[in-house]
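Residue numbering restarts at 1 for every chain, and letters A, B, ... go by the order of the sequence lines.
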Amino acid sequence: MNQRIRLIGLFAFCIILVFGIAGCGGNNNHESGTNNVSNNDNSNGNAASPDNDAASGAEEAEIRFTWWGDTKRNEVYNAIVDRFEEEYPHITVKREFGGWGDYWDRLATQTAGDNAPDVVSMHQFYVSDYARRDALLDMQTVVDTGELDLSQFPESAIDSGRINDTLYMVPKGVTMPGWAYNTALFDELGVDYPDMNWTYEDFQATSAEIYENSGGEIWGSSDMSGGQLQPNFRYFARQSGEDLFTEDGQLGFSADTLTAWWTMWDELRQQGVIPDAATGTEYENAPLEQNLFVTGQTALHQIPANQIYLYQQQFETGEIHMVRMPQLPGGDNGEYIEGAYLSITKASEHPKEAALFIDFFVNSEQSLELFKVEQGSPANKEMGEFVKPLLDPAQARAVTFIQETLDYASPAVYAPIGVAEVETAFKDNATAIAYGEKSIKQAVADFMSNADDILN
Amino acid sequence: MQTWKRMWARNGVGYLFLAPWLLGLFTLSAIPMGASLYLSFTEYDMFTSPEWSGLDNYVSMFGDDKWRNSLQVTLTYVFLGVPLQLLFALFIALLLNRGIRGVRIYRAIYYVPSLFGGSVAIALLWRQLFGREGLVNTMLGAIGIEGKNWIASPDTAIYTLIILLIWQFGAPMVIFLAGLKQVPTELYEASTIDGAGKWRQFRSITLPLITPVLFFNLVMQIISAFQAFTPAYIISGGSGGPLDSTLFYTLYLYQKGFTHFQMGYASALAWFLLVAIAFFTALIFATSKKWVYYQE
């Protein structure tokens, strides 16, 4: 009997140990999730700020905010959230972040598990997945109740966050893609800078000139024939009077357009002006500091304008300049508004607090002073003016570029469900051409039938 | 009633001690597995509730070219990689078993790769080793062979992964070593007197007597090789490329579930994998009567 009591005692001890350990784990998670918030937590507890009307007497609330990005962006966003918590002591914001690819995997899993964060960073390419599955709040509701002020936003910027007339997201920043080049390298090679309104023929000619003048040492650009569907191929399709998808979720471009696109890149590949397939694969997922452009192996690079300053930091000589995506002579403008957005999830228990946070993020000088043009030019016009004097030259060039090209932008159709799979098929077939596994004709035929299967 | 009481009296405390583990088994394994079995018969996009679709997922698997390809890649990896890995492990174990000095140190050194071979860091290292300007090409260059980017070439990419598998020979090696120690030395002495050479001794004494260990290693390594994920995911950047040449079954499953949001289909893929592993394991067990020799 005595022995049994001792055993049970031992068992109880084990249990306490197990739960004790679990408890520790939980605490750790909490801390890593909220990062450097702890300081603020203390100050909040002691001194409720009396000068803030919104906060006085309000209930304590905890919201979660998630974004994608690199270390630098995490620092900026953490600092913005810290300032928000100072302004609204009754709201605590837990932060979650990760790289672009992981971000979407995790968000999908969280949404499925009904524990998505309250405020989520959104993107045009994915928003329809979430909106059509009813995971996002209609943000007009918080605009109407006054938590979120969009009065300084141009109508076109607000519209870019609407799907079927419902406002699902508001832009943190608006950006436009283009082709970047380093002036020093072009000077050295004796190649003329590309023109702002260059064409695909100019692009091919410039690429070839770079390759020749460098004695075959430097490629014109990376192989952009496959990979993501947008922006490169999407611009080409839009310039051809088409788009990636139709309003009713079908494929929006013809086999001819795709053939023309892949043929153009294949010609460049045959001439050796762009890297071979194996090199392309090797550098496919390289981080910015190690990609072909930064390591000086290519001279032209397609990026969104808000990244110009990140690239500028990598070069000691020369300036990173940007020109529009190449034009199709006689074709339409390819431009459409791109950017990084914020949404509130429908399952959020604190939509009002979430809206206050977004309002602070996109409308306050405290926030924009740090944000500058981190994920694009601020959509809020007043704030756009406010950040201008704070920018370094590379960031200023980005803003100028975005403003200039924004005039060409027209609305773009949202991607249908299944877009990720269509993109995989696009990438697979482009790679097969690059490796010489498929003829262009066969790759186009395979892609068209595959995409049709996926979308129907 | 009586028997229950008696059983509890005898084993109750034991079950109490098992309780934390049982809790883990049910919440972390059994229930998720049951859920995945159910989902495999549904269409589930992770946002809306699952819709029953019967055997659709299982049927469409067989018309899926990428699935067939991923199966082929995985089978190549398992049935080329595992035998080579075991051969290598046995070879090193035989060397270490010859009573050389400092055998403990060697054993530890050779075992280390198994400890972190499946890690992200090693996969990244592999990328560098077999890249265009990697160590492998530098070495080949020294003897006048011009290499290529082994990882980015569709016809060689899978072999770099197989080499990575072989390199993790430590765990089976240690087990082989233990097996070799069990072989009675008097058998060798007797056969030496009978005039048997080294090779003859190995074939007629060593090999038959370590077949149980070989059997164990074979089963364990095949099961784990079927489930390999990290090396292919990291080395191909999650794509299984180039040209799907490293698209492991598990990687394709992951893509379907978490990139294409077809959790139902992904669950069906997982259950097919379970059946496939069970099938091959059963096959090895069935043939084991013919080649595994247990001493009395």
Requested in this report: Taking the six-membered ring for Trp and the single ring otherwise, decide whether the centroids of Trp262(A) and Phe426(A) are under 6.0 Å apart.
Outcome: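 Ring centroids of Trp262(A) and Phe426(A) are less than 6.0 Å from each other.
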
Checking [X] against chain B: side chain, backbone, both or neither under 4.5 Å from a heavy atom?
X         : value
Thr424(A) : side chain
Asp276(A) : side chain
Glu437(A) : side chain

All N/O donor-acceptor pairs, side-chain side in residues 32-40 of chain B, below 3.5 Å, sequence neighbours left out:
| from | atom 1 | to | atom 2 | distance (Å) |
| --- | --- | --- | --- | --- |
| Ser36(B) | OG | Trp271(B) | NE1 | 2.7 |
| Ser40(B) | OG | Leu37(B) | O | 2.7 |
| Ser40(B) | OG | Tyr58(B) | OH | 2.8 |

Query raised in the report: Is it true that the side chains of Asn456(A) and Gln250(A) contain a donor and an acceptor less than 3.5 Å apart?
Result: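 A pair is found: one side chain offers a donor N or O, the other an acceptor, under 3.5 Å apart.
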
Query raised in the report: Between Tyr254(B) and chain A, which part of the residue has a heavy atom less than 4.5 Å away: side chain, backbone, both or neither?
Result: side chain

Query - Heavy-atom proximity to chain A below 4.5 Å, by part of Phe258(B) - result: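 Both backbone and side chain.
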
Query raised in the report: Within a strict 4.5 Å, meaning less than it, do heavy atoms of the Phe62(B) and Trp67(B) side chains meet?
Result: yes

When the side chains of residues 136-143 of chain B are checked against the rest of the protein, which donor-acceptor pairs come out under 3.5 Å, sequence neighbours left out?
| from | atom 1 | to | atom 2 | distance (Å) |
| --- | --- | --- | --- | --- |
| Asn137(B) | OD1 | Trp150(B) | NE1 | 2.7 |
| Asn137(B) | ND2 | Gly131(B) | O | 3.3 |
| Asn137(B) | ND2 | Arg132(B) | O | 2.9 |
| Asn137(B) | ND2 | Lys148(B) | O | 2.8 |
| Thr138(B) | OG1 | Gly134(B) | O | 2.8 |

